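I have placed the structure first, in the form of structure tokens, so that the comments after it can refer back to it.
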Amino acid sequence: SSAPTTTATAGFLDRLPPRLGRELLCLQMEDHYVRAHTSKGSELVLIPLKDAIAELEGAAGLQVHRSWWVKKTAVVKSLGRGRNLVLLLANGLEVPVSRASVAKLRAAGWLGSSGINRVE
């Protein structure tokens, strides 16, 4: 029951090998590369994170940290780790949220009573 891929998101997804499928969960910056995590695995792609995010325009996701972009549907719950917030993804990854992004996530409805469940 995955949503149809828009032409906007197809730009970046076309960079991925077919074995990874089209269900993108998140992007993780690694030096000059982006590690694209899908429901079937991950792959390094030679592209700056900001360019990859630009190619994903129209996808329901946000940059939650300097080196991470996350698709909203990939998030299972948010975890409080002391003063820090971490997003737990469907594939088991824990993605850090920068303090500056917490307000952005809350404003976008990702956190709080109507958004992702927070577990202390």
Side-chain angles (χ1 to χ4, degrees):
S1 66
S2 61
T5 302
T6 64
T7 52
T9 56
F12 181 78
L13 293 176
D14 287 345
R15 296 174 179 272
L16 301 180
R19 66 179 169 75
L20 287 182
R22 307 293 276 185
E23 190 183 343
L24 185 65
L25 303 177
C26 67
L27 300 176
Q28 176 184 11
M29 185 171 63
E30 293 186 17
D31 294 322
H32 300 292
Y33 291 83
V34 165
R35 180 169 297 280
H37 295 273
T38 73
S39 56
K40 296 182 177 178
S42 70
E43 183 77 27
L44 280 173
V45 179
L46 181 57
I47 185 175
L49 181 61
K50 66 177 179 57
D51 293 350
I53 291 170
E55 289 188 7
L56 290 167
E57 187 180 346
L62 288 173
Q63 185 169 356
V64 299
H65 188 275
R66 170 175 61 84
S67 53
W68 289 87
W69 176 93
V70 175
K71 192 169 181 185
K72 185 175 183 180
T73 55
V75 180
V76 176
K77 61 186 168 189
S78 61
L79 306 166
R81 294 274 163 80
R83 293 176 51 197
N84 299 320
L85 185 67
V86 173
L87 299 177
L88 178 65
L89 304 190
N91 64 350
L93 272 178
E94 292 187 2
V95 177
V97 176
S98 69
R99 292 204 183 111
S101 294
V102 172
K104 181 171 64 172
L105 291 177
R106 193 165 280 127
W110 285 37
L111 305 172
S113 57
S114 61
I116 298 158
N117 295 327
R118 179 171 175 142
V119 177
E120 294 297 332

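Note that this is a predicted model, so its numbers are computed, not measured.
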Do you know which two heavy atoms are closest between [X] and [Y], and how far apart they sit?
X    : Y    : value
L111 : V102 : CD1-O, 3.8 Å
I53  : Q63  : CD1-OE1, 3.3 Å
L20  : G41  : CD2-C, 3.5 Å
A52  : V34  : CB-CG2, 4.3 Å

Carefully, step by step, assess W68 and L87 under the rule side-chain contact (heavy atoms from CB on, under 4.5 Å).
-> CA-CA 11 Å; W68 289 87; L87 299 177; over 6 Å; no

Of all pairs that satisfy salt bridge (charged side-chain N to carboxylate O under 4.0 Å, His left out), the ones with a partner from residues 40-54, not counting sequence neighbours = R19-E43

Could you note down all residue pairs passing side-chain hydrogen bond (donor to acceptor under 3.5 Å, both in side chains) where residues 85-101 supplies at least one of them, sequence neighbours left out?
->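 Listed by first then second residue: R81-E94, N84-R99, S98-S101.
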
Just jot down the side-chain contact (heavy atoms from CB on, under 4.5 Å) partners of A90, sequence neighbours excluded, or say none.
->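 Partners of A90 by the side-chain contact (heavy atoms from CB on, under 4.5 Å) criterion, ordered by chain and then number, come out as V76.
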
K71 side chain to E23 backbone, donor-acceptor under 3.5 Å |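 Such a contact is absent between K71 side chain and E23 backbone.
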
Which distance, rounded to the nearest 0.5 Å, do you find between the CZ of F12 and the CZ of R22?
-> 10.5 Å

Residues which pass side chain to side chain donor-acceptor pair (under 3.5 Å) with T73, listed by chain and number, not counting sequence neighbours = none

Non-neighbouring partners of R15 that pass salt bridge (charged side-chain N to carboxylate O under 4.0 Å, His left out), sequence neighbours left out | E55

Sort out for me which residue in L89, L93, L62, L24 forms a side-chain contact (heavy atoms from CB on, under 4.5 Å) with V70.
->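 Only match with V70 under side-chain contact (heavy atoms from CB on, under 4.5 Å): L89.
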
Do any side-chain atoms of residues 25-33 form donor-acceptor pairs under 3.5 angstrom with protein atoms, and if so which ones, sequence neighbours left out?
| from | atom 1 | to | atom 2 | distance (Å) |
| --- | --- | --- | --- | --- |
| Q28 | OE1 | H37 | NE2 | 2.9 |
| E30 | OE2 | R35 | NE | 2.8 |

